[in-house]
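A quick write-up on the structure given underneath.
Each chain gets a letter, A, B and so on, in the order its sequence line appears, and its residues count up from 1.
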Amino acid sequence: MAPQSAKPPRTSFRARTSMNIFDDFHARIAAILDRIAADGRLPSLDHARFVVEPPKDATLGDLASNAAMVFAKEAKPHFASPRELAVEIGYALAQSPDVAATEVAGPGFINIRLKPEMFTQVLRAVLRDPPNFGRVVKSRSSALQGKVNVEYVSANPTGPMHVGHGRGAVFGDALANLLAFSGCAVTREYYINDAGAQVDVLARSVYLRYREALGEAITIPEGLYPGDYLKPVGAALAKAHSKALAGAAESEWLPVVRAAAIDAMMELIRGDLAALNITHETFFSERALHAEKDGVSAIDAAIDWLRAKGLVYEGRLPPPKGQLPDDWEDREQTLFRSTLFGDDVDRALKKSDGSPTYFAADIAYHKDKIDRGFDTLVDVWGADHGGYVKRMTAAVAALSDKRVTLDVKLCQLVKLMRAGEPVKMSKRAGDFVTLREVVDEVGVDAVRFMMLYRKNDAPLDFDLAKVIEQSKDNPVFYVQYAHARGKSALRQALAAFPDMDLSAQSLAEADLALLADDGELALAKMIAQYPRVIEAAAAAHEPHRVAFYLHELSSVFHSHWNRGKDQPHLRFVKAEERELTIARVALVSSLTIVLGSGLRLLGVSAPDEMR
RNA sequence: GACCCCGUAGCUCAGCCGGAUAGAGCAACUGCCUUCUAAGCAGUAGGUCGCAGGUUCGAAUCCUGCCGGGGUCGCCA
């Protein structure tokens, strides 16, 4: 995934206007409220409480605000009703030359109708600085500032990635793109679970493959990894060590084989991720947290840190409810007071043999992130780890004195389908469907878009047949086609006017007042929503909103395009009308810029033609 | 038993920090191709937002309790 343009924003232009008309009018209304407050007719108000958004129904206007209703109580002494306050705000807004009209509706909505110039201004902003349109300039949300760490994938290094991992991977990657585009300094991170019993199991499995490579006949017992993907790892070991490890005791060969196996598996996983255009900046090893420096590991240090805060104690826990584990024993153990931070019970930090629990290591890991200066942590996990969220959130609160927030995003399961029928995913003999197989079959664009065309916490049916269909039923195609169609219009324009300068910079100077048709304005209005969608999606950590927006934007475009069939005067390219064509080309160009920008955030390509 | 997620049109799902007559796609029905890509578009029909309370000017949205589906519970990772 290519990072977003590193070139510094053009502050001179962007400081003048954010080109987020919703933010713009939010600020205008805030100023009006302040003015009324200065007259003593309103108290000082929290401007974050009201919103400016598109009205429910586009016939009501271009913008709507609930400001008067939200502040109904505070307004009571001087305004008989919310409507009265709304009227005053509306009147003040209407004084601006770019406002066509305001009206008060319902219980006190302020509906604002803008002059068309307002939207052509937006198009100009798109064309003047294509890579930066939609970037969050100055966010009202504190979540969109500072350093953010997004930890995602973090699959155990024991085999190739499966489709479920892929969802978390795509989600995390798109979210990281989105946050970077929104002004955060983002680090993409992968936590390698290379310390537990699972990697020992991996090592034993590889050891068998090693002996197999030396000519021994092997059988893989229950509980080890049977997959063929370990064969090359065994073969490589045989080549490197010949028979040196074969006669050794397990304590001898295990560290050697384990290290080689983990390296090989991480190589495999990096390859799987690369196939999805995903790269992480940081790979963080769990094993490193266990390593002792001067007799103290990072885990010990983290526990000591919490102990010094009075958050660690020796105590007993009630037995778990429901199915009681066979080996449950009631004993005194080292516990973290996670209940002080919203967890249901305190959590164990050490096993009975004195070694740290997985949670203890995770505490040390998150302490490391906090120490690295991140303001916000995002962890992307599978839904089966939902029960772990409270304790980790509690730990981060404790470790940072509540300065740093942890947002855990859980990704639900992916159900693979083919033309409506579930794909059998037998785990027997390790022949499950790998992520790589799916990417190879349907392509990275389809995988990425479909994984993002659903809320992360909703289960996802992924139909291998549907996502490569070239039809409007396939949202990936639908959006990419809109982009290609736009590019096609630009090619048509060039065919009609070979000397026309189609560069964005040049189109920004077009006479955009010629865009007078409702369909054209509808498209411009939809484009104008992009910055708002970006900010909301980034603040909520919900990249799917971008995917839905792109689908809707495409729909508006396809719709307008088709109007040109019955009404030829609406076509983008009019061979006999150069200025009009330029204006319309500027509109289409803005569309392709925004589609391209959004698709880039999702990591999906924006083709010039469909083939 | 406790906690988490989900419950919105026949199906798959959106619905932003509470806002106006609850939206889209599919499926169904009716139309639009000598015309810039019909790989598309327009229209019709379809919903007690799981149920019952509560909060307030206003609840699909927030709170409580139920019902239904899924997940989790550990010294696993």
Looking at A:Asn111 and B:A20, is any side-chain donor or acceptor paired with a base atom of the opposite kind under 3.5 Å?
yes
Identify, between A:Asp57 and A:Pro568, the residue whose nearest nucleotide on RNA chain B lies closer to the 5' end.
A:Asp57
Are A:His551 and the base of B:G25 stacked, counting only ring centres nearer than 5.5 Å and planes tilted under 30°?
no
When you compare B:G47 with B:A22, how far apart are their P atoms, in angstrom units rounded to a whole number?
12 Å
Touch class at under 4.0 angstrom, heavy-atom based, for A:Ser471 against every strand present:
sugar-phosphate
Looking at A:Lys351, I'd like to know whether one of its side-chain N or O atoms comes within less than 4.0 Å of OP1 or OP2 on B:C75.
no
Which part of the nucleic acid, if any, lies within reach of A:Pro459 when heavy atoms closer than 4.0 Å are counted: base, sugar-phosphate only, or nothing?
sugar-phosphate
Short side-chain N/O contact from A:Lys73 to OP1 or OP2 of B:U56, under 4.0 Å
no
Tell me whether A:Phe109 is stacked on the nucleobase of B:A20, counting only the six-membered base ring and applying the 5.5 Å and 30° thresholds.
yes
B:A42 versus B:C33 - spacing of their C1' atoms, nearest Å
14 Å
I want to check one thing: is the phosphate of B:G74, taken as OP1 and OP2, less than 4.0 Å away from some side-chain N or O of A:Arg391?
yes
Is NZ or CZ of A:Arg337 both nearer than 6.0 Å to the six-membered ring centre of A:Tyr313 and within 45° of the ring axis?
yes
May I ask you to establish whether A:Arg347 and A:Phe359 are in a cation-pi arrangement, using a distance under 6.0 Å from NZ or CZ to the six-membered ring centre and at most 45° from the ring axis?
no
A:Ser471-A:Asn474 side chain donor-acceptor pair, cut-off 3.5 Å
no
If we call it a pair only when both distances are under 3.5 Å in a Watson-Crick or G-U wobble match, what pairs with B:U64?
B:A52
A:Glu314/A:Arg307 salt bridge by N-O under 4.0 Å criterion
yes
Could you identify the nucleotide paired to B:A9, looking across every strand shown and requiring Watson-Crick or G-U wobble geometry with both distances under 3.5 Å?
none
